[in-house]
**Student:** 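Here it is, the structure, as structure tokens.
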Amino acid sequence: MRAVTLPAPDDMDAWREAARALVADDVPPERVVWQVGAVAEDLFAATANTPAPTPPPASPLRVSRAFIALAGDAILHRDPERFALLYTLLWRLRDTPRLVEDHADPLVRRLEGFAKAVRRDIHKMRAFLRFRSVADDDGTERYVAWFEPEHHIVRANAAFFVNRFASMRWSILTPEVSVHWDGAMLSEGPGATRSDAPDGDPIEEVWKTYYSSIFNPARVKVKAMLKEMPRKYWKNMPETALVPQLLAGAQARESGMIERARGDIGGNAQAAWEALREEALACTRCHLHRHATQTVFGEGPVSASMMFVGEQPGDQEDLAGHPFVGPAGQVFDRALAAAGITRAETYVTNAVKHFKFEPRGKRRIHAKPDAGEIEACRWWIEQEQMLLRPKVTVALGATAARSLFGKAMTIGRERGREQRLPDGGAAWITVHPSYLLRLPDEDARTTEFARFVEDLKLAHAAVAG
Ligand code: URA
């Protein structure tokens, strides 16, 4: 048996080196025991009678980027079996180099599940962590946050907080490890307990402003808002304390104050949108997140005057993480250009943010989202609308129309004329670009493409009007 002791539970580099050496030594997975210890020198420790792995050969096993990405996430999962499972996958890649693409393989599926749980935890930490202000020993201000991650994500996430709060001095305390930023250097310390972190408010004003600016109780129900913030995070969150105030202010907001609140956040709209997207990336509001690769959130400038809403990401969008990049996206781009609409004017999103499909062999066949899935995802589109307040919204196809209007709409009857959204905004309904791709003959495609472009031109003209 070989025993490999990794210096830390999230040390991908150490795992990779050890795994490479084991493969080079031809050691099968069932002969390796993986463990995590505190002593770095133990990294390649072998059990009493076994030699340490020899260094990798001149041409080591080459693995795909997909494997490295999967392993990089999955290794942060708290399941103690993760190192062994990853090594088994690596071992099998020798005979099946493209195994990582086989989403039906039980081992690949299990590791993808790990990776997904880890990504969700990373996003939760970004969205729900809150700093509180304390005075350091030398009297300077430091911001301290307490967080309880489910997986070993703290080190992997530290760079995000360094980037976002580069000019502040801060500490993030978690049960396993603490990380500290002094404005120039990141350092690490031992784990902490909740009582080590301060209670209180400050800095949270930023978040309160964000939430009050996007929160319109007439359309977003408080219950839904709280559902989105898992209960275990409530105690750390200033915006839950804000809910009664928001409710009391509902009438005033309805009569125009929301515009002022929006003005108040001004340049902050971009930051608010980023925070919203961050949360959406961890969305589990319906079951679709379980099988999709990732949330595909809307894209485009927050100042866009036109918002286009599609149905749901397709296969390529799901993999790329961006809306309308596949075949339907190409038709859409051509039509926008033909209608004289520039990208800078448009924000493009979908009614449903996860890819729904049915596996057929190695292919994933698009499946239509049902009413429950559309309803669950309305939470996001409503917030996108509130943040962007586009002059004109365009529903591309029946799913988008259903989501925006809250009821079934007949495209043939409603297209070509301005509609009113439930919040009073101007909207247009037209076909989905994939409809054009499905048309059987060239003549029909040409005619219908021209009609689609005409619809877009009408909607565009309404922006100026
Ligand atoms: N179809 C959609 O509705 N949205 C996309 O992002 C891609 C295809």
Side-chain angles (χ1 to χ4, degrees), residues 273 276-277 280-281 283 285-286 288-289 291-301 304 306-339 341 343 345-360 363-385 388 390 392-405 408-409 411 414-415 427-439 445 448-449 451-453 455-456 459:
W273 177 84
L276 185 65
R277 177 175 182 275
L281 295 180
C283 180
R285 297 180 70 80
C286 78
L288 292 181
H289 73 94
H291 306 290
T293 307
Q294 57 197 315
T295 303
V296 178
F297 203 62
E299 282 183 1
M306 298 185 84
M307 179 190 273
F308 288 90
V309 183
E311 182 191 73
Q312 61 160 347
D315 185 76
Q316 293 195 26
E317 287 80 10
D318 169 76
L319 296 173
H322 304 288
F324 283 102
V325 292
Q330 283 158 23
V331 174
F332 180 52
D333 280 346
R334 265 200 300 127
L336 281 182
I341 301 171
R343 274 274 162 186
E345 299 172 81
T346 58
Y347 179 87
V348 180
T349 190
N350 283 301
V352 171
K353 308 269 192 279
H354 279 118
F355 179 35
K356 181 177 180 185
F357 62 92
E358 279 159 18
R360 201 156 307 151
R363 296 181 58 214
R364 304 187 299 170
I365 309 296
H366 163 276
K368 229 177 168 36
D370 64 29
E373 291 149 0
I374 296 170
E375 187 53 36
C377 222
R378 269 176 80 182
W379 161 267
W380 298 115
I381 196 114
E382 287 187 341
Q383 300 213 38
E384 286 174 292
Q385 284 178 291
L388 270 86
V392 168
T393 303
V394 182
L396 302 168
T399 301
R402 185 184 186 108
S403 168
L404 291 167
F405 292 91
M409 307 285 279
I411 296 176
E414 309 295 350
R415 73 189 292 185
W428 295 71
I429 298 177
T430 184
V431 292
H432 191 283
S434 63
Y435 158 75
L436 305 172
L437 287 171
R438 287 195 303 270
L439 290 170
R445 277 200 294 275
E448 286 303 314
F449 182 80
R451 276 188 83 194
F452 182 49
V453 171
D455 285 348
L456 300 188

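Atoms within a ligand are numbered from 1 in the order they appear, just like the ligands themselves. We number each residue from 1, following the sequence as shown. It should be emphasised that the depicted structure is a prediction, and the values quoted were computed from it without experimental measurement.
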**Student:** Are a donor atom and an acceptor atom from the side chains of Glu373 and His354 found within less than 3.5 Å of each other?
**Tutor:**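 On atom types as modelled, these side chains do not qualify, holding no pair under 3.5 Å.
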**Student:** Quick one: does Thr295's side chain get under 4.5 Å of Arg277's, heavy atoms only?
**Tutor:**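 Contact flag for Thr295/Arg277 side chains = no.
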**Student:** Just jot down the side chain to side chain contact (heavy atoms under 4.5 Å, CB included) partners of Val325, sequence neighbours excluded, or say none.
**Tutor:**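 Only Glu317, Ala320, His322 meet the side chain to side chain contact (heavy atoms under 4.5 Å, CB included) criterion with Val325.
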**Student:** Is the shortest side-chain heavy-atom distance between Thr430 and Arg451 below 4.5 Å?
**Tutor:**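 No. Closest side-chain heavy atoms not under 4.5 Å.
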**Student:** Might you list the protein residues in contact with ligand 1, defined as having a heavy atom under 4.0 Å from one of its atoms, sorted by chain and number?
**Tutor:**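 Those residues closer than 4.0 Å to ligand 1 by some heavy atom are Gly310, Glu311, Gln312, Pro313, Gly314, Glu317, Pro323, Phe324, Asn350, His432.
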**Student:** List the steps, then state whether ring-ring contact (aromatic ring centres under 6.0 Å, His included) holds for Phe308 with Phe324.
**Tutor:** CA-CA 11 Å; Phe308 288 90; Phe324 283 102; 8.8 Å; no
**Student:** Side chain of Gln294, backbone of Asp318: donor and acceptor closer than 3.5 Å?
**Tutor:**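 Looks like yes, one N/O pair under 3.5 Å.
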